[in-house]
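Proteins get letters first, then strands, A, B, ... in listed order; numbering begins at 1 in each.
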Amino acid sequence: MPEGHTTHALAWRLNRGYAGSPAAVSSPQGRFAGGAALLDGLMLVDASAWGKHLFVQFEGERWLNVHLGLIGTFSVMPRATRPGGEGIPVPVQGQVRLRLLNEAWVGDLRGPTVCAVVTPEQVGQVQARLGPDPLRPAADPALALRRISLSARPIAELLMDQAVLAGVGNVYRCEVLFRHRVDPFRPGREIRPATWIAIWDDLVALMPLGVAFGQIITMDDQVVDAIQVMAEVADGSAATTSAAVTGARPGDRFERRFYLYRRAGEPCRACGSRVRTQLVAGRNLFWCGRCQRRR
DNA sequence: GCAGAATGACAAG
DNA sequence: TTGTCCTTCTGCG
């Protein structure tokens with residue numbers, strides 16, 4: 001689940017459900033009991049994301065920093081959609097590290113690698129280590145290019161380095177490299193600036209679709225459909241679809257389908273040659289040896 | 001029932 | 001490069 005689109009969608013939902021009023025904060029599992037006590041009853045001021053990091057500001061200069069890691073999930077739902085319903089206690093299922101509760105919403109965090117109460121200074125320190133995030137309005141792709149163009153490391157590795165570029169994970173990197181027919185093993189310094197800008201612009205276009213629909217969408221036919229739905233919602237001609245677009249039921253609108261990701265051995269959708277896979281720095285990389293040949 | 005994987009990141013050697 | 005942490009779900013006996 002968790003690449004940058006997940007974190008940004010979470011920030012959006014947390015703001016919608018909680019911003020401006022106090023939240024009951026607890027740790028049903030107990031492992032965040034101390035931190036929860038520091039936040040319990042405080043007003044939630046604002047939630048925001050930078051790459052895969054989520055920052056939730058509470059009153060009194062207290063911040064919650066969450067990173068989902070590989071397996072974390074943060075379900076933030078209106079209580080009316082949950083068993084029990086509004087006003088009735090929502091049963092805890094499994095290992096819930098953190099629960100955010102108000103009259104109308106319940107948020108359950110499971111399996112994060114980071115869940116901590118931090119100071120504004122610590123928020124700044126975390127953000128200072130992160131590269132530009134294609135989902136943040138003021139993000140500067142030149143900052144990433146500077147590091148890429150100086151590096152001998154393969155571009156597939158650089159795209160996953162959160163200090164170079166924040167928010168991209170294994171799925172987006174694999175798919176975006178294919179979309180631009182870039183050899184994943186090509187050293188950063190051999191990537192032409194124009195190629196990098198094309199990749200960046202593509203991420204700026206693709207990742208908001210991931211935020212809106214709660215799933216990673218990279219295949220052109222689905223991208224076209226998704227943009228169409230977004231446009232209809234924006235001009236009000238499709239009021240009924242807005243719930244889906246805002247992620248009320250994330251992840252089930254589009255068939256889960258990619259160019260390469262998890263398709264090892266199957267035919268490339270463009271040229272038919274076998275999709276290749278290889279463990280790179282402990283993660284499965286997928287690519288097409290013919291379409292993404294070095295030029 | 002249990003191993004293995006999974007959209008991540010870090011430390012140790 | 002390997003091991004470790006976090007949790008849930010799948011597939012295989």
Inset, instruction - Flag this pair as yes if the NZ/CZ of A/Arg16 is under 6.0 angstrom from the six-membered ring centre of A/Tyr18 and inside a 45 degree cone about the axis; otherwise no. - result: no
Inset, instruction - Using the P atom on both, measure C/dT4 against B/dA3 and round to a whole Å. - result: 16 Å
Inset, instruction - Would you indicate, yes or no, if B/dT7 has its OP1 or OP2 atom less than 4.0 angstrom from a side-chain nitrogen or oxygen of A/Lys52? - result: no
Legend entry - Under 4.0 angstrom between A/Arg262 side-chain N/O and B/dA5 OP1 or OP2: no
Inset, instruction - Select base, sugar-phosphate, or nothing to describe what A/Arg97 touches, counting heavy atoms under 4.0 Å on all strands. - result: sugar-phosphate
Legend entry - Atom-to-atom span, CG of A/Leu177 to P of B/dT7 - whole angstrom: 15 Å
Inset, instruction - When you get a sec, tell me which of B/dA9, B/dT7, C/dT7 is the closest nucleotide to the side chain of A/Ile71? - result: C/dT7
Legend entry - Aromatic plane relationship, A/Tyr261 with A/Phe258 - under 30° parallel, 30 to 60° tilted, over 60° perpendicular: perpendicular
Inset, instruction - Check every strand shown and say whether A/Glu175 touches a base, only sugar-phosphate, or nothing at a heavy-atom separation below 4.0 Å. - result: nothing
Legend entry - Integer-rounded Å distance: C/dT4 P and A/Arg283 CZ: 18 Å
Inset, instruction - Nearest whole angstrom, please: distance from the P of B/dA9 to the CG of A/Leu159. - result: 13 Å
Inset, instruction - Determine whether A/Val25 and A/Leu64 make a side-chain contact, defined as any pair of heavy atoms from C-beta on separated by less than 4.5 Å. - result: no
Legend entry - Side-chain N or O of A/Gln215 closer than 4.0 Å to phosphate OP1/OP2 of B/dT7: no
Inset, instruction - Give a yes/no on whether any side-chain N or O of A/Tyr261 is located under 4.0 angstrom from OP1 or OP2 of B/dT7. - result: yes
Legend entry - B/dA9 phosphate, OP1 or OP2, under 4.0 Å from A/His67 side-chain N/O: yes
Inset, instruction - To the nearest Å, give me how far apart CZ (A/Phe74) and C1' (B/dG8) are. - result: 18 Å
Legend entry - Nearest-angstrom distance, P atom, C/dT8 to B/dC10: 23 Å
Inset, instruction - Among B/dA6, C/dT8, B/dT7, find the nucleotide with the atom closest to the side chain of A/Asn284. - result: B/dA6
Legend entry - Of the listed nucleotides B/dA6, B/dT7, C/dT8, the one nearest the side chain of A/Arg110: C/dT8
Inset, instruction - Quick one: label A/Arg31 by what it contacts on the DNA or RNA (base, sugar-phosphate, nothing), any heavy atom closer than 4.0 Å. - result: sugar-phosphate
Inset, instruction - Round to the nearest Å and state the distance from A/Arg129 atom CZ to B/dC10 atom C1'. - result: 11 Å
Inset, instruction - Answer yes if the side chains of A/Gln95 and A/Arg110 hold a donor-acceptor pair under 3.5 Å, and no otherwise. - result: no
Inset, instruction - Answer whether the closest heavy-atom distance between the side chains of A/Trp196 and A/Leu165 falls below 4.5 Å. - result: yes
Inset, instruction - Please report the C-alpha distance between A/Gln228 and A/Glu232 in whole Å, then the side-chain angles of each, then the deciding distance to 0.1 Å, and finally whether the side-chain hydrogen bond (donor to acceptor under 3.5 Å, both in side chains) criterion is met. - result: CA-CA 6 Å; A/Gln228 172 71 18; A/Glu232 285 169 7; 2.8 Å; yes
Inset, instruction - May I have the distance from A/Gln29 (atom CD) to C/dT8 (atom C1'), rounded to whole angstrom? - result: 13 Å
Inset, instruction - For B/dA9 and C/dC9, measure between their P atoms and round to the nearest Å. - result: 22 Å
Legend entry - Nearest-Å distance for atom pair NE2/C1', residues A/His8 and B/dT7: 15 Å
Inset, instruction - May I ask you to test the A/Pro2-A/Phe74 pair for a side-chain heavy-atom distance under 4.5 Å? - result: no
Legend entry - Interatomic distance at P, B/dA5 relative to C/dT2, whole Å: 15 Å
Inset, instruction - Name the nucleic acid region contacted by A/Gly282, choosing base, sugar-phosphate or nothing; use a 4.0 angstrom heavy-atom cut-off, strictly under. - result: nothing
Inset, instruction - Go through C/dT7, B/dA9, B/dT7 for me and flag the one nearest to the A/Gln162 side chain. - result: B/dA9
Inset, instruction - Please tell me which of the listed nucleotides, C/dC6, B/dT7, B/dG8, lies nearest to the side chain of A/Ile216? - result: B/dT7
Legend entry - Side chain of A/Arg256 (C-beta onward), nearest among B/dG8, B/dT7, C/dT8: B/dT7
Legend entry - Rounded distance (Å) that lies between atom C1' of B/dA6 and atom CZ of A/Arg173: 14 Å
